[in-house]
*Asks:* 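Mind having a look at this structure? Questions to follow.
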Amino acid sequence: MTIQWFPGHMTRAKRQIEEKLKLIDVVFELLDARIPQSSRNPMVDEITSSKPRLVLLNKADLADPDKTAEWARYFRSKGLATHAIDANAGTGVKDLVNKAKELLEEKIQKQISKGMKPRPMRALIVGIPNVGKSTLINRLAGKSIALTGDRPGVTKGQQWIRFGGDLELLDTPGILWPKFDDPIAGFRLAATGAIKEDVLHIDEVACFVLKVLVENYGPVLKERYGLDELPKELPDMQAAVDVLESIGRRRGCIVSGGHVDYDKASTLLLRDLRSGKLGRMTLESPEA
Ligand code: G4P
């Protein structure tokens, strides 16, 4: 899905989420575990401030587990609970209910002390495009136990999905816009496929990725592409182009005249990264 984020659309997206917040108890903020900061909407704290929030580090199957643990500590230090999941395979999804319960413990206890039977918690998933919102919703809907959407204030077409006995989820997520102003975040978003390649040039994205990978995952890179030599870091663009060239040669991305086809080599590298063929990798560190 391509969304053009003009100021009017952002205002509308914000308003739509604010409307949905009135119906729910807890927000699930979905981030990409490989780029938790860059995949965060810049205004999410402000927009969702009226509700308890659980940060979900999705695509954890593709991220470096040590880095995911580091990010969890970072968010915790900022007062935000986190939970790592793989919405595709369903890993960690069941635990969502208990994590949400922990956040709403006080409210639940209050209901119990008043002699009320706590009703299922109602949740809304929010996040930027491509972070896995639909995948998670489908995963939670798994057994297709959808309830009626005929509730006051629910926009036509919205339904509650019940997960187990304790959680109800709005089946339409809150879609937020990604970071536009930070060029590095833009490269990270492009590297993971969250923004399309026509926005940034593919070989520039590949060179950005190589810089991160050489500095953090050099041995893996060397082995995957059979590279003889790999510097410990890439001080400039030319150094990154040199590595891309070596990868292209090793993988036969050659055009007439024996030159390396950089676009082809870049596509290959990014495909390997996104599919996890390079291994589990995280492209940014807290406060980096
Ligand atoms: P959105 O609603 O937030 O826009 O995202 P969506 O669920 O459409 O997911 C975007 C892509 O991310 C999909 O891949 C989806 O399969 C993948 N994805 C979502 N969650 C996970 C996860 O936890 N792990 C991994 N590895 N991938 C995840 P796609 O390439 O668009 O489609 P496809 O590969 O499923 O065919």
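Just so it is clear, the values below take in all heavy atoms, side chains as well, and ignore hydrogens, waters and symmetry mates. Sequence positions, counted from 1, serve as the residue numbers for this chain. Since this is a predicted model, take the numbers as computed values, not measurements.
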*Asks:* Do Met281 and Lys67 have side-chain heavy atoms sitting under 4.5 Å apart?
*Replies:*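 With C-beta onward as the side chain, the pair stays apart.
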*Asks:* I'd like to know whether Arg224 forms a salt bridge (Lys or Arg N to Asp or Glu O under 4.0 Å) with Asp272, so could you lay out the CA-CA distance, the side-chain angles of the two residues, the decisive distance to 0.1 Å, and finally the verdict.
*Replies:* CA-CA 10 Å; Arg224 170 87 190 160; Asp272 282 357; 3.3 Å; yes
*Asks:* I'd like to know if the side chain of Arg139 and the backbone of Val93 have a donor-acceptor N/O pair within less than 3.5 Å.
*Replies:*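 Not at all, since once roles are kept as given, no pair shorter than 3.5 Å links the two residues.
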*Asks:* Give, for atom OH of Tyr262 and atom OG1 of Thr267, the distance between the pair rounded to the nearest 0.5 Å.
*Replies:*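 If we round to the nearest 0.5 Å, Tyr262:OH and Thr267:OG1 are 14.5 Å apart.
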*Asks:* Any idea which heavy atoms bring Ile137 and Pro173 closest together, and the distance?
*Replies:*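 In terms of heavy atoms, the two residues are closest at CD1-CD, 3.7 Å.
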*Asks:* Salt bridge check, Glu245 against Arg249: does any charged N sit closer than 4.0 Å to a carboxylate O?
*Replies:*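 Result for this pair is yes, salt bridge flagged.
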*Asks:* Where do Lys133 and Val131 land on the side chain to side chain contact (heavy atoms under 4.5 Å, CB included) test, with the steps shown first?
*Replies:* CA-CA 6 Å; Lys133 297 179 297 301; Val131 80; 3.9 Å; yes
*Asks:* Give, for atom CD1 of Ile47 and atom CG of Asn41, the distance between the pair rounded to the nearest 0.5 Å.
*Replies:*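 So the gap between those two atoms works out to 5.0 Å.
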*Asks:* Is it the case that the side chain of Arg122 and the backbone of Leu167 share a donor-acceptor pair, with hydrogens and angles ignored and the cut-off at 3.5 Å?
*Replies:*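 No, the answer is negative, given that no donor and acceptor are paired below the 3.5 Å cut-off.
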*Asks:* How many angstroms lie between atom CG of Leu56 and atom CG of Leu96, to the nearest 0.5 angstrom?
*Replies:*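 Taking CG in Leu56 and CG in Leu96, the distance rounds to 5.5 Å.
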*Asks:* Hey, is Arg53 close enough to Asp45 for a salt bridge, meaning N to O under 4.0 Å?
*Replies:*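 Here Arg53 pairs with Asp45 in a salt bridge, since their nearest N and O are under 4.0 Å apart.
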*Asks:* Crowded around Arg271 CZ? As in, over 12 foreign heavy atoms under 6.0 Å?
*Replies:*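 No.
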*Asks:* Check the orientation of Trp177 and Trp5. Use parallel for under 30°, tilted for 30 to 60°, and perpendicular for over 60°.
*Replies:*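 The arrangement is tilted - the two ring planes meet at 30° to 60°.
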*Asks:* Can a donor-acceptor pair be found, under 3.5 Å and without considering hydrogens, that links the side chain of Lys20 to the backbone of Leu170?
*Replies:*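 No: the side chain of Lys20 does not pair with the backbone of Leu170.
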*Asks:* Side-chain contact, heavy-atom cut-off 4.5 Å: Lys51 with Val26?
*Replies:*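 They are not in side-chain contact.
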*Asks:* Between the side chains of Lys222 and Glu229, is the shortest nitrogen-to-carboxylate-oxygen separation below 4.0 Å, so that they form an ion pair?
*Replies:*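 Answer for the salt bridge query: no.
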*Asks:* Would you mind reporting whether Leu283 and Leu213 have side-chain heavy atoms less than 4.5 Å apart?
*Replies:*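 Leu213 reaches Leu283 side chain to side chain.
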*Asks:* Please check this pair: side chain of Arg250 against backbone of Gly226, looking for a donor-acceptor N/O pair closer than 3.5 Å.
*Replies:*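 Checking the backbone N and O of Gly226 against the side chain of Arg250, a donor-acceptor pair under 3.5 Å is found.
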*Asks:* Looking at Gly248 and Ala265, what are the two nearest heavy atoms and their distance?
*Replies:*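 Closest pair (atom of Gly248, atom of Ala265, distance): CA-CB, 3.9 Å.
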*Asks:* Check whether any side-chain N or O of Ser38 sits under 3.5 Å from a backbone N or O of Ile35 as a donor-acceptor pair, and report yes or no.
*Replies:*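 Checking the backbone N and O of Ile35 against the side chain of Ser38, no donor-acceptor pair under 3.5 Å is found.
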*Asks:* Is there a side-chain contact between Ile85 and Thr91 (heavy atoms, below 4.5 Å)?
*Replies:*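 No - every pair of side-chain heavy atoms lies 4.5 Å or more apart.
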*Asks:* Counting distance only, does the side-chain N/O of Trp71 pair as donor-acceptor with the main-chain N or O of Glu284 below 3.5 Å?
*Replies:*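 The answer is yes, because a donor-acceptor pair under 3.5 Å joins these two groups.
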*Asks:* Look at Asp261 together with Arg251 and state whether they make a salt bridge at an N to O cut-off of under 4.0 Å.
*Replies:*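 No, this pair does not count.
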*Asks:* To the nearest 0.5 Å, tell me how far Lys179 NZ sits from Arg40 CZ.
*Replies:*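 Going from the NZ atom of Lys179 to the CZ atom of Arg40 covers 7.5 Å.
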*Asks:* Are any non-hydrogen side-chain atoms of Met121 and Val97 less than 4.5 angstrom apart?
*Replies:*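 Met121 reaches Val97 side chain to side chain.
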*Asks:* Do the side chain of Thr282 and the main chain of Arg34 share a donor and acceptor less than 3.5 angstrom apart?
*Replies:*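 No, Thr282 side chain to Arg34 backbone: no donor-acceptor pair under 3.5 Å.
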*Asks:* Can you tell me if Glu102 and Asn98 form a side-chain donor-acceptor pair at under 3.5 Å?
*Replies:*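 No donor-acceptor contact under 3.5 Å links the two side chains.
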*Asks:* Please evaluate residues Leu278 and Tyr225 with respect to the criterion side chain to side chain contact (heavy atoms under 4.5 Å, CB included), reporting the C-alpha separation (whole Å), side-chain torsions for both, the decisive distance (0.1 Å), and the verdict.
*Replies:* CA-CA 10 Å; Leu278 279 172; Tyr225 300 112; 3.8 Å; yes
*Asks:* Just verifying a value: how many Å separate Met237 CE and Leu210 CG, rounded to the nearest 0.5 Å?
*Replies:*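 Separation between the atoms: 10.0 Å.
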*Asks:* Kindly give the heavy-atom pair with the smallest separation between Val209 and Ala191, and that separation in Å.
*Replies:*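 Val209 and Ala191 have their closest heavy atoms at CG2-CB, 3.4 Å.
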*Asks:* For Arg15, give me all partners under salt bridge (charged side-chain N to carboxylate O under 4.0 Å, His left out), at least two apart in sequence or on another chain.
*Replies:*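 So Arg15 forms no salt bridge (charged side-chain N to carboxylate O under 4.0 Å, His left out) with any residue.
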*Asks:* Is the shortest distance from a Lys or Arg side-chain nitrogen in Arg280 or Asp61 to a carboxylate oxygen in the other one below 4.0 Å?
*Replies:*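 No.
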*Asks:* Would you name the heavy atoms of Ile112 and Pro118 that are closest together and state the gap between them?
*Replies:*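 Between these two residues, the closest heavy atoms are CG1-CG, 3.6 Å.
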*Asks:* Looking at Asp166 and Lys101, is there a salt bridge between them, counting it only when a charged N and a carboxylate O are closer than 4.0 Å?
*Replies:*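 Judged by the 4.0 Å cut-off on N to carboxylate O distance, Lys101 and Asp166 do form a salt bridge.
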*Asks:* About how many Å separate OG1 of Thr68 and CZ of Arg73, when rounded to the nearest 0.5 Å?
*Replies:*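 Answer rounded to 0.5 Å: 10.5 Å.
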*Asks:* Is it true that a side-chain atom of Lys99 and a backbone atom of Thr82 form a donor plus acceptor pair closer than 3.5 Å?
*Replies:*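 Judged by distance alone, no pair lies under 3.5 Å.
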*Asks:* Is there a donor-acceptor pair under 3.5 Å between the side chain of Asn58 and the backbone N or O of Ala87?
*Replies:*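 Yes, the answer is positive, given that a donor and an acceptor are paired below the 3.5 Å cut-off.
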*Asks:* Within the side chain of Lys211, is there an N or O that forms a donor-acceptor pair under 3.5 Å with the backbone of Leu234?
*Replies:*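 Here the side-chain-to-backbone pair exists.
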*Asks:* If you look at every heavy atom in Leu200 and Gly186, which pair is closest and at what distance?
*Replies:*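 So the minimum-distance heavy-atom pair works out to CD1-O, 3.5 Å.
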*Asks:* Charged N to carboxylate O under 4.0 angstrom, Asp25 versus Lys107?
*Replies:*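 Counted as a salt bridge, because a side-chain N and a carboxylate O are separated by less than 4.0 Å.
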*Asks:* Considering all heavy atoms of both residues, which atom of Val214 and which atom of Leu221 are nearest to each other, and what is their separation?
*Replies:*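 Closest heavy-atom pair between Val214 and Leu221: CG2-CD2, 3.7 Å.
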*Asks:* Could you please spell out the steps behind the side chain to side chain contact (heavy atoms under 4.5 Å, CB included) verdict for His83 and Asp95?
*Replies:* CA-CA 9 Å; His83 181 52; Asp95 303 334; 3.6 Å; yes
*Asks:* Applying side chain to side chain contact (heavy atoms under 4.5 Å, CB included) to Val205 and His201, what does each step give before you reach the verdict?
*Replies:* CA-CA 6 Å; Val205 177; His201 207 281; over 6 Å; no
*Asks:* Does atom CD of Glu70 have more than 12 heavy-atom neighbours from other groups under 6.0 Å away?
*Replies:*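 More than 12 heavy atoms, drawn from other residues, nucleotides or ligands, come within 6.0 Å of this atom.
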